[in-house]
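Encoded as structure tokens, the structure appears first; notes follow it.
The shown structure was predicted, so the numbers you read here are calculated from the model rather than taken from an experiment.
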Amino acid sequence: PLGAIGSLPQLRCLDLCGCPCITNRGIRERLARAGCALLESIDLTFCELIGYTAVIVLRNSCPKLRLIRRQPEWMDGAITTPWVRS
């Protein structure tokens, strides 16, 4: 599913919620290398093969990224992580 990302330079929001085949490697090799300079939010909820490695890659590769969703919206604020920037 990430193969077409390079042909979408204006992409701002990407919902991959529940995609069972998305991996850290896929994020690193496809999404981060595509440049996604305008990407503002990505939903990785229920992507079981995604770990914090992908979160770090996304934060370093997508300068406008403001939301990386890894849990359902109803859980917002219920769990804190060390990955929040001040």
Side-chain angles (χ1 to χ4, degrees):
L2 295 178
I5 297 295
S7 63
L8 302 169
Q10 300 297 314
L11 184 67
R12 294 183 190 278
C13 179
L14 182 60
D15 186 346
L16 297 173
C17 180
C19 291
C21 298
I22 304 297
T23 64
N24 290 332
R25 182 178 179 184
I27 294 289
R28 183 178 63 247
E29 292 181 0
R30 299 290 184 157
L31 195 60
R33 287 187 185 163
C36 298
L38 299 179
L39 188 66
E40 296 173 356
S41 69
I42 185 168
D43 188 341
L44 300 171
T45 305
F46 303 120
C47 293
E48 297 176 3
L49 301 178
I50 293 290
Y52 281 109
T53 302
V55 172
I56 293 168
V57 166
L58 286 167
R59 291 194 70 138
N60 292 334
S61 303
C62 306
K64 293 193 177 225
L65 193 59
R66 296 292 173 251
L67 175 65
I68 302 172
R69 183 166 298 287
R70 299 224 345 114
Q71 62 191 18
E73 191 171 356
W74 63 268
M75 290 182 70
D76 283 356
I79 299 173
T80 58
T81 68
W83 306 104
V84 178
R85 285 186 184 166
S86 301

Using side chain to side chain contact (heavy atoms under 4.5 Å, CB included) as the criterion, list what pairs up with Thr53, not counting sequence neighbours.
-> Asn24
Taking only residues at least two apart or on different chains, which pairs with a member in residues 38-53 satisfy salt bridge (charged side-chain N to carboxylate O under 4.0 Å, His left out)?
-> Arg12-Glu40
Step by step, work out the side-chain contact (heavy atoms from CB on, under 4.5 Å) result for Leu44 and Leu58.
-> CA-CA 11 Å; Leu44 300 171; Leu58 286 167; 4.0 Å; yes
Closest heavy-atom contact between Cys62 and Leu39?
-> SG-CD2, 4.2 Å
How close do Arg59 and Ile68 get, heavy atom to heavy atom, and via which atoms?
-> CG-CD1, 3.6 Å
How many angstroms lie between CG in Leu14 and SG in Cys19, if you round to the nearest 0.5 Å?
-> 8.0 Å
Are Phe46 and Leu49 co-members of a hydrophobic cluster defined by side-chain heavy atoms under 4.5 Å apart?
-> no
Lys64 NZ to Cys36 SG distance, which is reported to the nearest 0.5 Å | 13.5 Å
Side chain to side chain donor-acceptor pair (under 3.5 Å) involving Glu29 - partner list, sequence neighbours excluded | Arg25
Any idea which heavy atoms bring Ala54 and Ile50 closest together, and the distance?
-> CB-CG2, 3.8 Å
If you take all heavy atoms of Ser41 and Cys13, which pair is closest and at what distance?
-> OG-SG, 3.3 Å
What are the two closest non-hydrogen atoms of Pro63 and Ala37, and how far apart are they?
-> CG-O, 4.1 Å
